[in-house]
Amino acid sequence: MTTTDSITSAADVADAPSNGLEASRPEHITFTTTFRSYPAEGDTHGDLGLYRDGVVALYRDMLLQRRFEERAAQMYGKQKIGGFLHLYNGQEAISTGSAQALNMGLDTVITAYRDHGLALAVGMEPGECMAELFGRIDGCSQGKGGSMHFFSREKGMYGGHGIVGAHIPLATGIAFAHKYKRDGGICVCYLGDGAVWQGAFHEALNLAGLYKLPVIYVIENNQYAMGTSVERAAADVDLYKQSVSYAMPGSLVNGMDVFSVMRAMRDHADMARRNQPSVVEIRTYRYRGHSMSDPGKYRTREELEKNKDQDPILRLKAYLLREDLANESELAVVDRSVKREVLEAVDFAARSPQPPLEAIYDHVYTEEGFPFLQ
Amino acid sequence: MAKLQLREAIRAAMVEEMARDGDIFLMGEEVAEYNGAYKVSEGMQDLFGADRVIDTPISENGFAGLGLGAAMSGLRPIIEFMTWNFAFVAMDQIVNNAAKIRYMSGGQFSFPIVFRGPNGAAGQLAATHNSSVESVYSCFPGLKVISISNPDDAKGLLKSAIRDNDPVVFLESEFMYGMRGEVSDEEDYLIPIGKARIARDGDAVTIVGHNKSYWRAMEAAEMLEVDGYHAEVIDPRTIRPFDWDTVIRSVKKTNRLVIVDESNPFASVSSEIAFQIQSRCFDYLDAPVRRVTAKDTPAPYAKNLMTYYLPSAEDTYRACRDVMYLD
């Protein structure tokens, strides 16, 4: 078991007298809250109930995201992709590991603008994703959204959102709807370390805590909000502690180990299904710049290389080999099939037509014939 | 015809729609246990329970976004802002999420939601509590904007707004909540969004005014009547989409247009009406389009300054006489 309860502090009210001023007096308050920690290598695949094929599937899932991003970067260089491109390299264990805790077809996910990895992890097709990057009609958002705005109602992917923090209240509302409709679903809201300092985060978490909504707020702490490190943005760098003010459990997870992410997200999904919202801070590292135009002067090459040593895909590959779950040639077959799938996605995108000009008026309103000013 | 206060007409619309459709809920500050800051939602929690009439903390950005997330999932929220002045902190949700996500998702997600509350001048409350927001929200494709002037329109248009599958900004008025007026008894009383109302027929000049400004327009028309001139008064009711055809038909008849709008003048609803009418009716106009607006300043506190700040019936009457070349 990985749960160590090693991080303790912060506040919880215990044995408080009922109501009235008495309860608010300091002598009646004791401080007892604990947080959970999910360090790396706390679980084996057996602990998680996984067999060989399940572990290889995790490996393939992460590798697909990595290869998709590498190819997207190449296509950006060839000017096949416009606008901003924020790559997910290094963070794949979060999307892949957390998707394992979801009840597909029922649960919902929503994230910020670094959204390609999650989209693929919840089962969106690489072709429709690459076509969206190319601005083509077969894109998942029909060429209206681009890199930052991948959506799939069918897969429960409620976006891709470009304004930092603005999707967090949406997640609270999606969770509100799960509870209102009593459909048994939960919402997982992914956000970056930078979004924690938007007011929207705090308003959304307070409402979720107040109304007891089935939602998990996953802070993907990749150490930098664009070029500003957590240390330069946060009065308290332990972001999981934000849970305390909103009467939620908080956990800290090593995001370079997909098994740790899986374990943590299963635990927190159980809470959410009992209408207990929570915060999970997953510490990770992004290998690429904030976007394609990032010179990366805010960090050293040594820091980057040190973090690449923790790579979640290489870590799982080493695990597969060490545990004799797969050999090099079997994994090479996986690598080739992933490469082929991504090349097919590029081909699909390149062959998809551009949206027709009259499509500019589609999808603004649900009704037909809105009298737009000409 | 029942005679209802504006607040009662708004409540009737919400109650009827909530009784019809369990996916509709009302959320906002003091809407439930306090019975509404302006008593619009009085008694609604007793009728529908705390699961559907929901008090919020003072978190406009948070609960506006909550409503939008619920709408993405197929619910039909009514979000009440105590006033639209307090909704500026929620503008990101309304402008970036409500107006744009449907477009950015290629039509996969829509937002059947109503944001409603009082808008515009509300007395000696100084500058932050007297904003007029209709031009602000009308800027953004994806939103619909309704601004009502009387109980009958309030009921019929709010019911239509609640049933609409797109996000609607619904603008009321603190000053008018107590105003009584006849309201249709029709069982399912729906007024279509995007249709103006000709309140008064005339041939001498067209006066366009919405919300409280509609009443200034009507008073000015009465004054002109004394002079022997019949003004045509149009209440657009919906700002976006705007019913250009009704105003154009009227201007082609009267050849003169005065717009009353209590917003600040720069880039306002009156600016857009003036532009559209001069470009579509240039050959029919016998005088430049005139408008009567709030001063180009923040709203003041002092009583005399506030009176001076707002467009009056007298100002409107004089503008009409000007475009008729009477003085």
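All chains are named by letter (A, B, ...) in the order of the sequence lines, taking the proteins before the strands, and each is independently numbered beginning at 1. Predicted, not measured: the structure shown is a model, and the values here were computed from it.
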Select one option (side chain, backbone, both, neither) describing which atoms of [X] are under 4.5 Å from chain A's heavy atoms.
{"X": "B:L68", "answer": "both"}
{"X": "B:D166", "answer": "both"}
{"X": "B:Q276", "answer": "side chain"}
{"X": "B:D51", "answer": "both"}
{"X": "B:Q108", "answer": "both"}
{"X": "B:D243", "answer": "neither"}
{"X": "B:N61", "answer": "both"}

### Task
Any pair with a residue in residues 147-166 of chain A that passes side chain to side chain donor-acceptor pair (under 3.5 Å), sequence neighbours left out, goes on the list, sorted by first then second residue, please.
A:H116-A:S147
### Message
Just checking B:Y34: does its OH atom have more than 12 heavy atoms from other residues, nucleotides or ligands closer to it than 6.0 angstrom?
### Response
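No - once you tally the heavy atoms of other residues, nucleotides and ligands closer than 6.0 Å, there are 12 at most.
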### Query
What do you reckon, is CG of A:L106 surrounded by more than 12 foreign heavy atoms closer than 6.0 Å?
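Counting other residues, nucleotides and ligands, CG of A:L106 exceeds 12 neighbours.
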With a 4.5 angstrom heavy-atom cut-off, is it the side chain or the backbone of [X] that approaches chain B, or both, or neither?
{"X": "A:L210", "value": "side chain"}
{"X": "A:C140", "value": "backbone"}
{"X": "A:D362", "value": "backbone"}
{"X": "A:K179", "value": "neither"}
{"X": "A:F150", "value": "neither"}
{"X": "A:E132", "value": "neither"}
{"X": "A:I360", "value": "both"}
{"X": "A:Y180", "value": "side chain"}
{"X": "A:L373", "value": "side chain"}

### side chain to side chain contact (heavy atoms under 4.5 Å, CB included) involving B:V289 - partner list, sequence neighbours excluded
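Applying side chain to side chain contact (heavy atoms under 4.5 Å, CB included) to B:V289 gives B:L257, B:I259, B:A274, B:I277, B:L285.
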### Task
Show the numbers, then the answer: is there a side chain to side chain contact (heavy atoms under 4.5 Å, CB included) between B:F170 and B:L157?
CA-CA 9 Å; B:F170 195 89; B:L157 277 163; 4.1 Å; yes
